[in-house]
Amino acid sequence: QVQLVESGGGSVQAGGSLRLSCVSTGFSDTANCMTWFRQAPGQEREGIASSVLEGRRSFYADSVKGRFTISRDNTKNAIHLQMNSLKPEDSAMYYCAASSGFCWGENSLSPTLYEYWGQGTQVTVSS
């Protein structure tokens with residue numbers, strides 16, 4: 001059974017930093033696509049950063065480009081999200097998702113692509 005567990009959320013002031021982690025277990029092989037999503041109350045779930053194993057590429061939403069960095073540790077089937085220069089509008093529940101299927105580019109940030117999801121970790125940024 002595949003499980004994803006996020007950690008590292010919390011409260012921070014604007015301009016601050018947080019590092020999220022997601023560890024996956026139960027995959028028979030390393031998941032090809034591992035991605036961070038976020039969802040604020042009343043808003044749609046937004047893909048913000050993906051790590052694609054095939055091609056060794058990462059993709060970012062414009063809203064976080066230049067501020068957030070995704071990294072992957074294949075030995076632990078884990079991904080991390082370093083979030084710098086945080087803004088109040090970054091406040092949301094952050095979710096980790098994984099898929100063994102094909103993903104690339106903007107496609108990799110679409111929530112419909114992913115069959116495995118974590119429970120989420122809350123990030124709150126105060127002004």
Side-chain angles (χ1 to χ4, degrees):
Q1 182 180 359
V2 174
Q3 287 190 323
L4 303 174
V5 179
E6 303 98 334
S7 62
S11 298
V12 66
Q13 289 194 326
S17 298
L18 283 173
R19 186 174 187 258
L20 306 183
S21 295
C22 169
V23 178
S24 67
T25 58
F27 274 100
S28 58
D29 199 351
T30 305
N32 182 43
C33 315
M34 294 190 74
T35 297
W36 287 100
F37 291 81
R38 67 185 181 186
Q39 188 168 21
Q43 297 188 17
E44 293 187 353
R45 191 164 294 193
E46 175 192 21
I48 56 173
S50 65
S51 172
V52 181
L53 186 61
E54 294 176 357
R56 303 275 195 262
R57 281 288 307 273
S58 300
F59 299 94
Y60 297 91
D62 288 343
S63 57
V64 305
K65 203 172 291 183
R67 299 188 298 124
F68 292 9
T69 302
I70 189 170
S71 59
R72 179 192 281 247
D73 182 349
N74 290 325
T75 64
K76 299 178 182 177
N77 248 351
I79 56 171
H80 309 282
L81 187 68
Q82 179 65 42
M83 306 187 295
N84 298 329
S85 303
L86 283 161
K87 306 174 182 179
E89 51 264 43
D90 293 318
S91 296
M93 186 71 79
Y94 282 68
Y95 298 91
C96 169
S99 171
S100 296
F102 172 80
C103 63
W104 195 256
E106 285 189 15
N107 158 273
S108 67
L109 299 177
S110 170
T112 60
L113 189 67
Y114 295 87
E115 61 265 41
Y116 304 110
W117 292 85
Q119 293 299 306
T121 185
Q122 179 68 40
V123 171
T124 303
V125 184
S126 57
S127 57

Residue pair [X] / [Y], side-chain heavy-atom distance below 4.5 Å:
| X | Y | result |
| --- | --- | --- |
| Arg38 | Met93 | no |
| Val23 | Leu4 | no |
| Leu109 | Ile48 | no |
| Tyr116 | Cys96 | no |
| Pro111 | Phe37 | yes |
| Cys103 | Asn32 | yes |

Does the plane of the ring in Phe68 sit parallel, tilted or perpendicular to the ring in Tyr94? Use 30° and 60° as the thresholds. tilted
For the backbone of Glu44 and the side chain of Gln39, can you confirm whether one donor and one acceptor N or O come within less than 3.5 Å of each other?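 Answer holds: no.
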Cation-pi check for Tyr95 against Arg45: NZ or CZ below 6.0 Å from the six-membered ring centre and within 45 degrees of the axis, yes or no? yes
Taking 4.0 angstrom as the limit, do Asp90 and Lys87 come out as a salt bridge?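 Salt bridge absent between Asp90 and Lys87.
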Strictly by modelled atom types, are [X] and [Y] linked by a side-chain donor-acceptor pair under 3.5 Å?
| X | Y | result |
| --- | --- | --- |
| Tyr114 | Thr35 | yes |
| Asn84 | Ser17 | yes |
| Ser63 | Glu46 | yes |

